[in-house]
Amino acid sequence: MALDAATHSHAAKNTNRRLTKLLRDIRACRICEAHLSPRPVIHASATAKLCIVAQAPGIRVHETGISFSDPSGDRLREWMGVDRATFYDESRVAIIGVGFCFPGYDENGGDLPPRKECAEAWQDKLFATLPKFPLTLLVGVYAQTCHLGDAAKANVTETVRAWREFAPRTIPLPHPSWRNNAWLKKNPWFATELLPYLRKRVKSAIG
Ligand code: SF4
């Protein structure tokens with residue numbers, strides 16, 4: 001029993017060390033320097049029990065260095081039933097984009113998609129080093145495509161509608177942006193069926 005505890009503690013220390021180094025490398029990353037102004041934003045720790053995988057920072061997150069520090073974040077917290085203190089408690093919650101830097105704007109003023117180089121360079125390495133999460137939320141199409149692979153459906157609506165296939169460890173969500181207000185209205189099952197389940201799972205994952 002004592003040996004098990006010692007082995008476990010040794011493994012935890014190793015994970016911690018590898019993760020700290022990897023996070024340092026990510027935060028120093030300049031791969032996309034020719035295309036954007038690098039400022040990688042990532043919140044993670046070796047003890048987190050819940051992982052939120054999102055797309056890439058918007059301008060506000062780029063400026064503050066804090067993920068979901070915007071109205072989308074307020075809505076996501078409300079969906080999850082957590083306050084800001086819990087949401088930003090890195091020891092319990094990891095927040096990881098499939099792109100870590102703000103990718104800039106397209107010609108219509110919308111955010112560009114996350115840079116492909118980012119997921120290629122970091123996602124596998126990162127998730128091989130992070131703890132196994134009892135609960136992962138996949139927020140939006142980029143997170144779903146990247147982490148569900150062939151299991152992702154034709155679009156976000158279909159993937160989120162099929163949430164029972166991925167539960168209990170993974171829950172796909174639409175992006176909480178105001179741009180999805182019409183989607184939320186059109187899909188009332190999201191609020192009546194999925195959100196109560198989401199809140200229950202979040203509570204059991206992080207207390
Ligand atoms: S988006 Fe990712 S790969 Fe590109 S510079 Fe930022 S951290 Fe590096």
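One-based numbering, in listed order, for ligands and for the atoms of each. Computed from a predicted structure; not experimentally measured.
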With no hydrogens and no angle check, just 3.5 Å: does a side-chain donor-acceptor pair link N180 and S177? no

So among E165, E158, Q144, which one has a side-chain hydrogen bond (donor to acceptor under 3.5 Å, both in side chains) with K153? E165

Heteroatom count (protein N, O or S) under 2.8 Å of atom 4 (Fe) of ligand 1: 1

Could you give the distance from CG (L130) to CZ (R18), rounded to the nearest 0.5 Å? 10.0 Å

As an exercise, state the distance from CZ of R39 to SG of C29, rounded to the nearest 0.5 Å. 15.0 Å

Are the aromatic rings of F190 and W79 close, with centres under 6.0 Å apart? yes

Test side-chain contact (heavy atoms from CB on, under 4.5 Å) on W183 and V160 and set out the steps. CA-CA 12 Å; W183 187 94; V160 177; 4.2 Å; yes

